[in-house]
Number of protein chains: 2
Amino acid sequence: MPDRPLEVNLVLFSLREDSLRVLLAERDPGWELPGEPVKAARSLEEATARLLSGLIDRRETYLEQLYTYGGPQRAAVSVVYFALVPAEAHLLPGRTVRWFPLVKLPALAGDHPEILGYALRRLRYKLEYSAVGFQLLPAQFTLSELQHTYEIVLDEKLDKRNFRRRMLQSGIIESTPRFRTGEGRPARLYRYRPDAVAEVKTRRLFP
Amino acid sequence: MPDRPLEVNLVLFSLREDSLRVLLAERDPGWELPGEPVKAARSLEEATARLLSGLIDRRETYLEQLYTYGGPQRAAVSVVYFALVPAEAHLLPGRTVRWFPLVKLPALAGDHPEILGYALRRLRYKLEYSAVGFQLLPAQFTLSELQHTYEIVLDEKLDKRNFRRRMLQSGIIESTPRFRTGEGRPARLYRYRPDAVAEVKTRRLFP
DNA sequence: GAAATAGTGTCTGTTAGACAATATTTC
DNA sequence: GAAATATTGTCTAACAGACACTATTTC
């Protein structure tokens, strides 16, 4: 008996026009998460890299395996990955894809709504204990932009003073000599320090 | 071109004779994580359930998908699950399997050492912020047994007073009227409350 | 000078972690 | 009563969260 076909799917998030968006591909009726079959000769990683590089013009993208779906109602087993790109990343021409705000999703195929929901939970969760948030921002950013990113993803208002204090104390960012000018007072630009240990300080519930 | 074959593998942990052990299956030379092919008609969940029920005489087992391995050097793509059983669980006759202490592992096939290492990290991590620890214990247990479980898995000594205080304050366990007698003063038996919300109180690093 | 945005400090309540003596049982 | 194990409380340092005003720029 032959195995079921294997594919990878991608949940690609980005922050655009003040909302968190996900990239969806057009399907006969409705939309779906972009996918790619895994052929015999190709590894999962290779299939995912191929899928990603066909969509976005980025060299380095934050990418993480999310979950593998293989329920009985599915035609194929799908290994789903989860990726983050900053707003500057451009879409490549080719497949019909669009960024959809999470609050205004179109009809999605099969179990893709469930997958997307899980990816969003995972994103929110990781935002709180790891440094993934910086993957949604350009290389240099202001503290207000950083806070704004957190507020949009978490869908929650944060206190400016507490936010700044902890971000700076954690040592995860460092200031640059540059400023961003705009409407009001210019804001200092910071950059992420990938070398800083983004340690997960969990308050052990069951120590 | 046909897809690569698909299988599930299982990392099954248990606490036996004062050490954390993993169940391994014999292979031509050496040992490996128990596995099962996923045939076309079967879902991942069904293949895993079949694998598990061929090994252990338990109805309910804590089970969680760990990761899917599909590197280029592999013959098959493997969806790896991670399971915990208490020491009371008995092995079923059939395949040649044995419990190995994690500190005295035999030679393991392919990337199985890496998989096992990841599973152990995940177990330790989850122990700190979720209630998985109870899956390694019988339905009723003393606080000393619970602490002992944590100490063995985390490989770290814990303070008795702080441990008890937080376990009790969290509301995750409730006392029973029974006691366990033995060498010294009898110890009260507690039971896990699956209904209690095992909330993950993370100290937000990046708030 | 009005509007817009950036930047800054303090207080309080809670919690983690360090620490030692008493209580109850068996043999 | 000796040995073994169970049970209990306090103090301190660190941190989360609440909260409001001043600074710098543009138009």
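By convention in this document, chain letters (A, B, ...) are assigned in the order of the sequence lines, proteins followed by strands, and residues within each chain are numbered from 1. What you see is a predicted model, and the numbers here were worked out from it, not measured in a lab.
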Problem - Closest to side chain of B/P186, choosing from C/dT24, D/dT8, C/dG7 - result: C/dT24
Practice task
Using a strict 4.0 Å threshold on nitrogen-to-oxygen distance, state whether A/E156 and A/R124 make a salt bridge.
Solution key: no
Practice task
May I have the distance from A/R180 (atom CZ) to C/dG7 (atom P), rounded to whole angstrom?
Solution key: 12 Å
Problem - Spacing between B/E145 atom CD and D/dT7 atom P, to the nearest angstrom - result: 11 Å
Problem - Distance in angstrom units between A/R166 CZ and D/dA18 C1', rounded - result: 12 Å
Exercise for the section: Classify the nucleic acid contact of B/R188 as base, sugar-phosphate or nothing, counting any heavy atom under 4.0 Å across all strands shown. Expected result: sugar-phosphate
Problem - Derivation of the salt bridge (Lys or Arg N to Asp or Glu O under 4.0 Å) call for A/E36 and A/R42 - result: CA-CA 11 Å; A/E36 174 97 4; A/R42 250 188 279 158; 3.2 Å; yes
Exercise for the section: Compare the minimum distances between each of C/dA6, C/dT8, D/dT25 and the side chain of A/A187, then state the nucleotide with the smallest one. Expected result: C/dA6
Practice task
Give the rounded distance in Å between these two atoms: CD of A/Q147 and C1' of C/dG7.
Solution key: 12 Å
Fill in the blank from the handout: A/L158 atom CG is separated from D/dA16 atom C1', nearest whole Å, by 13 Å
Exercise for the section: Taking only the side-chain nitrogens and oxygens of A/S144, find out if one of them lies under 4.0 Å from OP1 or OP2 of C/dT5. Expected result: no
Practice task
Would you indicate which nucleotide in C/dT5, D/dT5, C/dA6 comes nearest to any side-chain atom of A/E183?
Solution key: C/dT5
Practice task
For the residue pair B/R50 and B/T48, confirm or rule out a side-chain donor-acceptor distance under 3.5 Å.
Solution key: no
N/O donor to acceptor pairs below 3.5 angstrom from side-chain atoms of residues 88-106 of chain A, sequence neighbours left out:
| unit_1 | atom_1 | unit_2 | atom_2 | d |
| --- | --- | --- | --- | --- |
| A/R95 | NH1 | A/G35 | O | 3.4 |

Exercise for the section: Please state how far atom CG in B/L146 lies from atom C1' in D/dA6, giving the value in whole angstrom units. Expected result: 15 Å
Exercise for the section: Hey, could you give me the CD1/CD distance between B/I115 and B/E32, rounded to the nearest 0.5 Å? Expected result: 10.5 Å
Exercise for the section: Please check if the side chain of A/S175 supplies one atom and the backbone of A/Y190 the other of a donor-acceptor pair under 3.5 Å. Expected result: no
Practice task
Please state how far atom CZ in A/F179 lies from atom P in C/dG7, giving the value in whole angstrom units.
Solution key: 7 Å
Practice task
Check whether any side-chain N or O of B/R164 sits under 4.0 Å from OP1 or OP2 of D/dT7, and answer yes or no.
Solution key: yes
Practice task
Note the angle between the end axes of the helix from C/dG1-D/dC27 to C/dC27-D/dG1, five pairs defining each, rounded to 10 degrees.
Solution key: 0°
Handout entry: Spacing between B/N162 atom CG and C/dC19 atom P, to the nearest angstrom
Key = 11 Å
Practice task
Take A/T181 and A/R165, find for each the nucleotide of DNA chain D with the closest heavy atom, and name the residue whose nucleotide sits nearer the 5' end.
Solution key: A/R165
Problem - Ring centroid separation A/F134 to A/Y62 under 6.0 Å - result: no
